[in-house]
Amino acid sequence: MALRVYNTLTRTKEDFQTVIPGQVSMYLCGPTVYKPAHIGHMVGPVIFDTVKKYLAYSGYVVKFVINITDVDDKLIVKAAEKGTTVKALAEQMTADYFDNLKLMGVDSIDHFPYATDHINDMLEMIQKLIEKGHAYPLNGDVYFAVETDDDYGKLSNRSISQMLAGTRVEANDTKRNPADFALWKSSKPGEPAWDSPWGPGRPGWHIECSAMSAKILGESIDIHGGGLDLMFPHHENELAQSECCSGKPFARYWLHNGLMQSGKGTGKVGGAHSKHGDAPASGATVGSPSSAEDTAAAQIAGKLAGSAGAESVKTAVFAHHAPEVVRFFLLSTHYRSPIDFSMENISATEKSLEGFYRLFETVERIAGVSYFGLAAPTTQATATSLEGLPPEFAAVLVEQRTKFLDAMDDDFSTGGATACLFEIRRILNSFINDKKLEIGGAEADKAALLTGVRLLKELTNILGVLKTAPAKKGGTSDGLADGLMALILDIRADARTNKNWPVADKIRNALKALNIVVEDSPTGARWTRG
RNA sequence: GGCGCCGUAGCCAAGUGGCUUAAGGCAACGGAUUGCAAAUCCGUCAUUUCGUCGGUUCAAAUCCGACCGGCGCCUCCA
């Protein structure tokens with residue numbers, strides 16, 4: 001099966017064919033760095049990071065760019081409020097953004113161009129648009145003339161007249177058409193400004209993406225991504241500017257991810273980025289809390305959705321759950337669907353992952369190999385070979401890998417793909433049981449198990465999930481606790497040998513009350529902090 | 001008003017014309033295993049059923065229409 005992707009431009013699923021065979025250029029609209037990133041801002045990066053990982057696995061050489069918009073009206077306002085400079089605020093918020101990307105395992109971005117490093121590229125583009133008659137200066141501003149672009153509206157499927165009907169347009173507008181948008185904005189004293197042929201000013205929103213995309217990836221790129229909220233006006237305008245300037249198709253495939261929502265009946269938490277700011281939709285209330293968990297969810301959702309006291313992802317979510325749980329959650333549904341954020345949903349995801357961590361512990365006991373340190377093939381061309389494995393075992397594993405890749409080929413259906421991960425988990429556990437690997441077993445079977453585990457790793461790497469051991473399971477952090485537990489379990493083992501069940505059970509129950517879980521196995525008792 | 005999106009089991013969610021008399025996970029319930037548990041495995045868990053009602057078709061969760069319910073966007077200055 002070959003890759004097919006849903007293209008917003010054509011509203012259909014199309015066969016994926018790149019401008020240059022074997023290569024993919026991808027651009028994702030990044031954040032305006034004026035406040036800490038929240039969970040909604042991570043949706044786009046996680047999805048497109050996964051897209052890149054899959055394309056790379058499929059054999060493409062991928063160049064992936066996310067821009068940092070570090071000059072914008074919102075930045076100016078926010079910096080003034082905080083009594084700091086635009087530059088300082090932008091640097092601080094960019095650092096926060098990067099921190100969060102790192103935690104989410106978003107590690108495949110090749111370039112993070114900053115808008116302020118590319119003012120000249122933008123000026124050149126604006127100049128060219130004026131020369132071609134697509135833009136005009138007006139009182140120190142420069143506007144794009146939408147009527148000069150016959151295709152204007154093709155991405156969001158609307159015509160200029162439709163857009164204007166139903167919207168209140170200010171009468172005082174001196175623009176040629178009320179739908180014309182700014183390429184360059186004159187600045188007031190004290191605002192960040194760059195010299196231009198039209199006087200000091202700063203770039204309008206949209207032009208930075210057109211200029212940087214062309215500069216770094218070329219005038220025609222393969223994939224342009226972003227949140228659904230950016231389709232209009234941002235992407236429509238980018239598209240118009242870029243194509244009018246270059247005379248070439250701007251992007252072959254436009255991919256838009258669904259927005260995160262917070263609880264039932266509430267507004268979006270945010271798109272992949274905060275180009276629009278992220279004022280919550282009206283009525284963004286969270287249902288009345290009925291438990292501690294709900295209360296936490298309500299507080300967090302409130303913080304995320306609220307414009308005041310914006311809390312970073314780190315403090316709001318990662319404090320309670322491993323970042324990779326959040327990543328898995330984001331990938332558990334299709335990228336074009338909206339996803340409901342709640343602590344309840346995150347907890348459910350965490351629970352569903354426990355079986356994987358247990359399997360990894362079992363594998364480590366059997367083969368002495370840590371899943372998290374295991375190397376696995378990174379391309380389909382070098383995929384894990386299952387030759388020499390018991391035929392039935394190999395057959396079911398291959399079936400799942402095929403299903404996984406078919407799902408990914410079908411417009412990156414990560415939700416469908418995850419089902420295969422759970423199936424493989426079951427297959428591996430079954431194999432461990434059948435071959436009695438926990439209590440010995442044949443070396444050949446242990447090797448076969450490891451091959452199966454490597455195949456699982458091959459697939460989880462594509463999604464960028466299950467890369468980190470869950471925190472604080474078992475002992476290790478405290479030598480005294482380890483020693484005491486060893487002693488206690490030794491005494492309990494004696495009791496069990498003597499069939500002194502009351503004592504054995506008393507110890508186990510008492511430890512449980514201390515949040516220590518004891519599990520017996522043929523090879524002895526194990527304990528973990530619950 | 002315009003342009004769109006969504007509605008699948010208690011919950012999350014895949015599937016967009018026949019290969020599916022609807023994946024997978026969580027929860028639940030049987031069984032194997034265990035001294036008893038836990039974990040794991042096996043089984044059960046939507047059978048005119050995929051928001052409702054019509055229609056198209058040999059065939060629809062999947063296409064069309066209407067309706068109900070939920071939601072997004074309709075530009076910088078809001």
Side-chain angles (χ1 to χ4, degrees), chain A residues 8 11 13 72-74 141 143-144 146 153 156-159 161-170 172-173 175 178-183 185 204-206 227-234 236-237 256 258-259 261 264-268 271 275-277 279 281 283 328-329 332-334 336-340 342 344-355 358-359 361-362 400 403 407 410-411 413-434 438 496 499-502 504-505 508-509 512 517-522 525-528 530:
Chain A
T8 304
R11 316 257 158 196
K13 246 184 241 182
D72 176 87
D73 293 357
K74 289 193 289 294
D141 300 334
Y143 291 96
F144 182 88
V146 294
S156 54
N157 188 30
R158 57 188 88 194
S159 67
S161 54
Q162 275 174 353
M163 283 160 34
L164 299 179
T167 13
R168 285 160 300 176
V169 175
E170 295 299 325
N172 72 342
D173 229 328
K175 292 187 287 188
D180 291 352
F181 55 91
L183 298 172
K185 300 164 108 165
W205 176 37
H206 318 308
L228 215 42
D229 58 335
L230 292 185
M231 190 168 84
F232 190 89
H234 184 57
E236 191 71 60
N237 290 172
H256 288 100
L259 304 179
Q261 306 188 333
K264 280 182 191 155
T266 68
K268 67 179 177 181
K275 291 283 190 180
H276 276 184
F328 200 100
F329 169 67
S332 66
T333 178
H334 188 90
R336 279 192 283 120
S337 304
I339 184 167
D340 269 336
S342 71
E344 196 177 36
N345 287 344
I346 298 293
S347 295
T349 301
E350 184 166 59
K351 191 138 201 178
S352 73
L353 295 182
E354 274 174 19
R358 280 197 161 269
L359 170 64
E361 286 166 11
T362 305
Q400 292 309 138
K403 281 176 75 173
D410 184 11
D411 197 30
S413 182
T414 53
T418 54
C420 303
L421 266 27
F422 288 100
E423 286 292 339
I424 293 173
R425 179 180 83 183
R426 200 197 82 246
I427 290 164
L428 295 178
N429 273 322
S430 217
F431 189 74
I432 290 168
N433 282 356
D434 290 349
E438 281 260 56
R496 293 186 70 222
K499 298 194 189 301
N500 190 344
W501 311 126
D505 290 346
R508 188 171 62 194
N509 291 336
K512 178 146 196 185
V517 178
V518 174
E519 297 176 13
D520 292 315
S521 81
R526 295 189 291 270
W527 67 279
T528 53

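Letters A, B, ... are given to chains in the order of the sequence lines, protein chains preceding strands, and every chain is numbered from 1.
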**Q.** Non-neighbouring partners of A/Lys351 that pass side-chain hydrogen bond (donor to acceptor under 3.5 Å, both in side chains), sequence neighbours left out
**A.** none
Q) Under the salt bridge (charged side-chain N to carboxylate O under 4.0 Å, His left out) test, which residues partner A/Arg358, sequence neighbours left out? A) A/Glu519
Q: Specify the residue among A/Phe181 and A/Ser332 whose closest nucleotide of RNA chain B lies further upstream toward the 5′ end.
A: A/Ser332
Q: Grab the CZ-P distance between A/Arg358 and B/rC41 for me, whole Å please.
A: 11 Å
Just the table, please: protein N/O against nucleotides 34-36 of chain B N/O, every pair under 3.5 Å.
from, atom 1, to, atom 2, distance (Å)
B/rG35, N7, A/Arg496, NH2, 3.4
B/rG35, O6, A/Arg496, NE, 3.4
B/rG35, N1, A/Asp505, OD1, 2.9
B/rG35, N2, A/Asp505, OD1, 3.3
B/rG35, N2, A/Asp505, OD2, 2.5
B/rC36, O2, A/Arg508, NH2, 2.5
B/rC36, N3, A/Arg508, NH1, 3.0
B/rC36, N3, A/Arg508, NH2, 3.0
B/rC36, N4, A/Asp520, OD2, 3.2

**Q.** B/rG18 and B/rA37, which share atom name P, separated by this distance in whole Å
**A.** 47 Å
Q.
Rounding to an integer number of Å, can you tell me how far A/His234 NE2 sits from B/rC76 P?
A. 14 Å
Q. How far does the C1' atom of B/rU57 sit from the matching atom of B/rA23, given to the nearest Å?
A. 27 Å
Q.
Run the side-chain hydrogen bond (donor to acceptor under 3.5 Å, both in side chains) test against A/Thr349 and tell me which residues pass, sequence neighbours left out.
A. none
Q) Hey, does the side chain of A/Ser156 come within less than 4.0 Å of B/rC73's phosphate (OP1/OP2), counting only N and O? A) no
Q.
Taking 4.0 Å as the cut-off, does a side-chain nitrogen or oxygen of A/Asn157 come that near to OP1 or OP2 on B/rG4?
A. yes
**Q.** Results of salt bridge (charged side-chain N to carboxylate O under 4.0 Å, His left out) for A/Asp434 - residues two or more places apart only
**A.** none
Q.
Taking B/rA28 as the reference, what is the distance to B/rC11 when you measure between their P atoms (whole Å, please)?
A. 16 Å
**Q.** d(CZ, A/Arg158; P, B/rG4) in whole Å
**A.** 9 Å
Q. Given side chains that start at C-beta, do those of A/Asp141 and A/Lys175 come closer than 4.5 Å, heavy atoms only?
A. no
Q.
Between B/rA66 and B/rC12, how many Å separate the two C1' atoms, rounded to a whole number?
A. 31 Å
Q. A/Asn429 has a side chain; which of B/rC42, B/rC76, B/rU40 sits nearest to it?
A. B/rU40
Q | P-based separation of B/rC41 from B/rG4 [nearest Å] | A | 47 Å
Q: Take atom CG of A/Leu428 and atom P of B/rU40, then tell me their distance rounded to the nearest Å.
A: 13 Å
Q. Can you name the residues that form a salt bridge (charged side-chain N to carboxylate O under 4.0 Å, His left out) with A/Asp520, not counting sequence neighbours?
A. A/Arg492, A/Arg496, A/Arg508
Q.
Counting only side-chain heavy atoms from C-beta out, which of B/rC41, B/rC76, B/rA14 sits nearest to A/Asn433?
A. B/rC41
Q. How about A/Phe329 and A/Ile339: do any of their side-chain heavy atoms sit closer than 4.5 Å?
A. yes
**Q.** Distance in angstrom units between A/Arg11 CZ and B/rG4 C1', rounded
**A.** 7 Å
Q) Listed by chain and number, what are the side-chain hydrogen bond (donor to acceptor under 3.5 Å, both in side chains) partners of A/Glu236, not counting sequence neighbours? A) A/Ser156
**Q.** Side chain to side chain, A/Glu438 and A/Pro522, heavy atoms closer than 4.5 Å
**A.** no
Q | Under 4.0 Å protein heavy-atom contacts per nucleotide of nucleotides 16-33 of chain B, with B for base, S for backbone only and - for none | A | -------BSSSS------
Q: Determine the contact category for A/Thr349: base if any of its heavy atoms lies under 4.0 Å from a base atom, sugar-phosphate if only primed atoms, P, OP1 or OP2 are that close, otherwise nothing.
A: nothing
May I have the list of side-chain donor-acceptor pairs in residues 424-432 of chain A shorter than 3.5 Å, sequence neighbours left out?
from, atom 1, to, atom 2, distance (Å)
A/Arg425, NH1, A/Ser352, O, 3.2
A/Arg426, NH1, A/Glu423, OE1, 2.2
A/Asn429, ND2, A/Arg425, O, 3.4

Q. Among B/rA13, B/rC41, B/rA37, which is the nearest nucleotide to the side chain of A/Glu519?
A. B/rA37
Q | Pairing residues for A/Phe328 by the ring-ring contact (aromatic ring centres under 6.0 Å, His included) criterion, not counting sequence neighbours | A | none
Q. Which value, in whole Å, describes the distance between the C1' atoms of nucleotides B/rC64 and B/rU20?
A. 23 Å
Q: Note every stem involving RNA chain B: at least three consecutive Watson-Crick or G-U wobble pairs, i with j then i+1 with j-1, with both distances under 3.5 Å.
A: B:1-7 with B:68-74, B:10-12 with B:24-26, B:28-32 with B:40-44, B:51-55 with B:63-67
Q) Would you say B/rC12 has OP1 or OP2 under 4.0 Å from some side-chain N or O of A/Asn345? A) no
Q. In whole angstrom, what separates A/Leu421's CG from B/rA14's C1'?
A. 14 Å
**Q.** Residues in side-chain hydrogen bond (donor to acceptor under 3.5 Å, both in side chains) contact with A/Asp180, at least two apart in sequence or another chain
**A.** A/Tyr136
Q) Given atom CZ of A/Arg336 and atom P of B/rC6, what is their separation to the nearest angstrom? A) 8 Å
Q) Should the ring pair A/Phe144 and A/Phe181 be called parallel, tilted or perpendicular, given that the plane angle runs from 0 to 90° and is split at 30 and 60? A) parallel
Q) Quick one: which of B/rG72, B/rA38, B/rA13 gets closest to the side chain of A/Thr333? A) B/rA13
**Q.** Protein-nucleotide distance (A/Asp73, atom CG; B/rC76, atom P), rounded to Å
**A.** 10 Å
**Q.** Nearest-neighbour nucleotide for the A/Phe232 side chain, B/rA38, B/rC42, B/rU75 considered
**A.** B/rU75
Q: May I ask you to say whether A/Asp410 pairs ionically with A/Lys13, meaning some side-chain N is under 4.0 Å from a carboxylate O?
A: yes
Q: Quote, to the nearest angstrom, the P distance that separates B/rU62 from B/rG55.
A: 14 Å
**Q.** Separation of the C1' atoms in B/rC45 and B/rG30, to the nearest angstrom
**A.** 11 Å
